[in-house]
There are 2 protein chains.
Amino acid sequence: MTDPTAPGPLAAIAALIADPARARMLAALMGGEALTAGELARVAGVTAATASGHLARLAEGGLLLVHPQGRHRYHRLASEEVAAAIETLGGLATRIAPVRQWKHGEDARRARLCWNHLAGRLGVALHLRLTGEGWLTPVPGGWDASRDGRVRLEATGVDLARAETAPRFACDCMDWSERRPHLAGGLGREIASAWIASGWLRRLPAQAEDDILARRRLVLTPEGARGLKDGLGLDLAA
Amino acid sequence: MTDPTAPGPLAAIAALIADPARARMLAALMGGEALTAGELARVAGVTAATASGHLARLAEGGLLLVHPQGRHRYHRLASEEVAAAIETLGGLATRIAPVRQWKHGEDARRARLCWNHLAGRLGVALHLRLTGEGWLTPVPGGWDASRDGRVRLEATGVDLARAETAPRFACDCMDWSERRPHLAGGLGREIASAWIASGWLRRLPAQAEDDILARRRLVLTPEGARGLKDGLGLDLAA
DNA sequence: AGGATGCTTCGCCGTGGCCCGAAGCGTCCG
DNA sequence: CGGACGCTTCGGGCCACGGCGAAGCATCCT
């Protein structure tokens, strides 16, 4: 005999996201990096005491993973599915209340980081190209790279070996602004970080602190555009 | 200068789902049918007065559409994206807290109604078959049926003309139990209702009232299995 | 050591929300 | 027309939850 007033699992999860402070924390974590409790407290605009309580609840609820390191406690989203759920919910919010348009429609859509892989137009185009050429094929739980694909990707600076040691996730994370699958999982993460490291992509600082979700806007640098065209035959001018 | 304590859109939407009574209402509406305020009050386990307030908030928040009819007021989910968001969130809940397993794992997964189109194993298999044979190709905003596809589908009792008048939605609604796209939109709806009407599929009564989401379980009848095999070459025995 | 820093626990207060019963409209029916 | 029914609005009570400051641990630095 279960308590009829007990919130079902759906309400319970939603309640975790429903608090403004917690939502700000989660949004901040959508970038994919792990942040300390103090940083999250600042982002959320509450004291350390309050933030501590929130973080405990989020971790307890399974949305966050905690990684203690010295006197810091790093927090990150528990999984790609958590990120996807927040993404979907956030997309719904903007779709329902189209209060604010994208600052510069096309620009913002072009490339961005979702969770921590490439999303937006670039992410979709990349996904299309890599699978279209047979360089990458989705397999249950991850991706399979053809011999040709390995060479191509590694020529762009992507460390495939490292991507393969990372936990695999078959998150065909749906991108609400493009409505097409993009490249997620360990490989997507590796690609994004490699190209950011090599300067092909550059992060833009968050424009508005309380932006829809604290997505990381990205710009493709001229070198990046050249590299993608030469290495992968991906011409983004079109 | 916006109020810094104002809940962002993410938190606002989540808050709508976060209340147990409202969550039960939304879950009940996941079947896709429109329900009256009274029915929803009963489902949620609250008085009509309380339910009225909840429904007003949900409609105000854009999650529900209201359709007054005589002295009744019918409510339904505002869009497929709303359904998808709830679906995703619900999936997250069960994934994180695998409290209760599916009663009979395989059976329950086999076929069910998501929102109001086919989901589960059957939905995915159908999607695969129809697109694999080139009978159906996704186009922005809906589906395109080849000449062959039209004949095949209409032979199974699907009214394509009616499906085309329905509002189109390119909801490649991701199915969390199968993690593959299934057939959504006006066509998906039409297919589901046609096959249910002809007895190929039969609805099962909800087992537990407070089930994860009030998904409609479906069984494929022997006639349905035969019809799918003969008409579409879809053999579900495998 | 001793002190600074990061984080958590505790106790308290304030408020927002949820809930209900009663009353007020609109609609349908005999 | 009167009454039943469906739904909404209003007023009031109640509890949960978010917020803070102070105190308590743990860790790092010198």
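Per chain, numbering begins at 1; letters A, B, ... match sequence-line order. Predicted model, so just to flag it, every value in this text is computed and none were measured.
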Item checked: d(CG, Asp19(B); C1', dC20(C)) in whole Å -> 15 Å

Next item on the list: Could you tell me the separation between the NE2 atom of His75(B) and the P atom of dG6(D), rounded to a whole number of Å?
Entry: 14 Å

Check: Are any of the side-chain heavy atoms of Ile86(A) and Leu63(A) separated by less than 4.5 Å?
Finding: no

Check: Rounding to a whole Å, what distance do you find between Tyr74(A):OH and dC7(C):C1'?
Finding: 14 Å

Item checked: Interatomic distance, Met25(A) CE vs dG19(D) C1' [rounded to whole Å] -> 12 Å

Margin query: In this structure, how many angstroms lie between the C1' atom of dC7(D) and the CD atom of Gln69(B), rounded?
Written below: 15 Å

Notebook entry, point to check: To the nearest Å, how far apart are Arg24(A) CZ and dG18(D) C1'?
Noted result: 12 Å

Check: With respect to the side chain of Arg71(A), which nucleotide from dC17(D), dC19(C), dC28(D) is positioned closest?
Finding: dC28(D)

Next item on the list: Answer yes or no: is there a side-chain heavy-atom contact under 4.5 Å between Leu16(B) and Leu26(B)?
Entry: no

Check: To the nearest Å, how far apart are Arg42(A) CZ and dC7(C) C1'?
Finding: 13 Å

Note to self: Does Ala48(A) reach a base, just sugar-phosphate, or nothing at all? Heavy atoms under 4.0 Å.
What the structure shows: base

Item checked: Closest nucleotide among dT8(D), dC17(D), dC7(C) to the Arg57(A) side chain -> dC17(D)

Notebook entry, point to check: What closest approach, in Å, do Ala18(B) and Ala18(A) show between heavy atoms, and which atom pair accounts for it?
Noted result: CB-CB, 3.9 Å

Checklist line | Thr47(B) side chain near dC19(C) phosphate (N/O to OP1/OP2, under 4.0 Å) | finding: no

Note to self: Are Arg22(A) and Arg57(A) packed together at the side-chain level, in the sense that at least one heavy-atom pair is separated by less than 4.5 angstrom?
What the structure shows: yes

Next item on the list: Output yes when at least one side-chain N/O atom of Thr50(B) is less than 4.0 Å from OP1 or OP2 of dC18(C), else no.
Entry: no

Item checked: Close side-chain approach of Leu64(A) to Leu77(A), heavy-atom, < 4.5 Å -> yes

Check: Phosphate oxygens OP1/OP2 of dA26(D): is one of them under 4.0 Å from a side-chain N or O of Arg73(A)?
Finding: no

Check: Using a cut-off of less than 4.0 Å, is there contact between a side-chain N or O of His72(B) and OP1 or OP2 of dC28(C)?
Finding: no

Next item on the list: Just compare dC18(C), dG19(D), dT8(C) and give me whichever is closest to any side-chain atom of His54(B).
Entry: dC18(C)

Next item on the list: Send over the distance from Leu58(B) CG to dT8(D) C1', rounded to a whole Å.
Entry: 16 Å

Margin query: For a quick check of understanding: with a heavy-atom distance under 4.0 Å over all strands, which category does Ala49(A) fall into, base, sugar-phosphate or nothing?
Written below: base

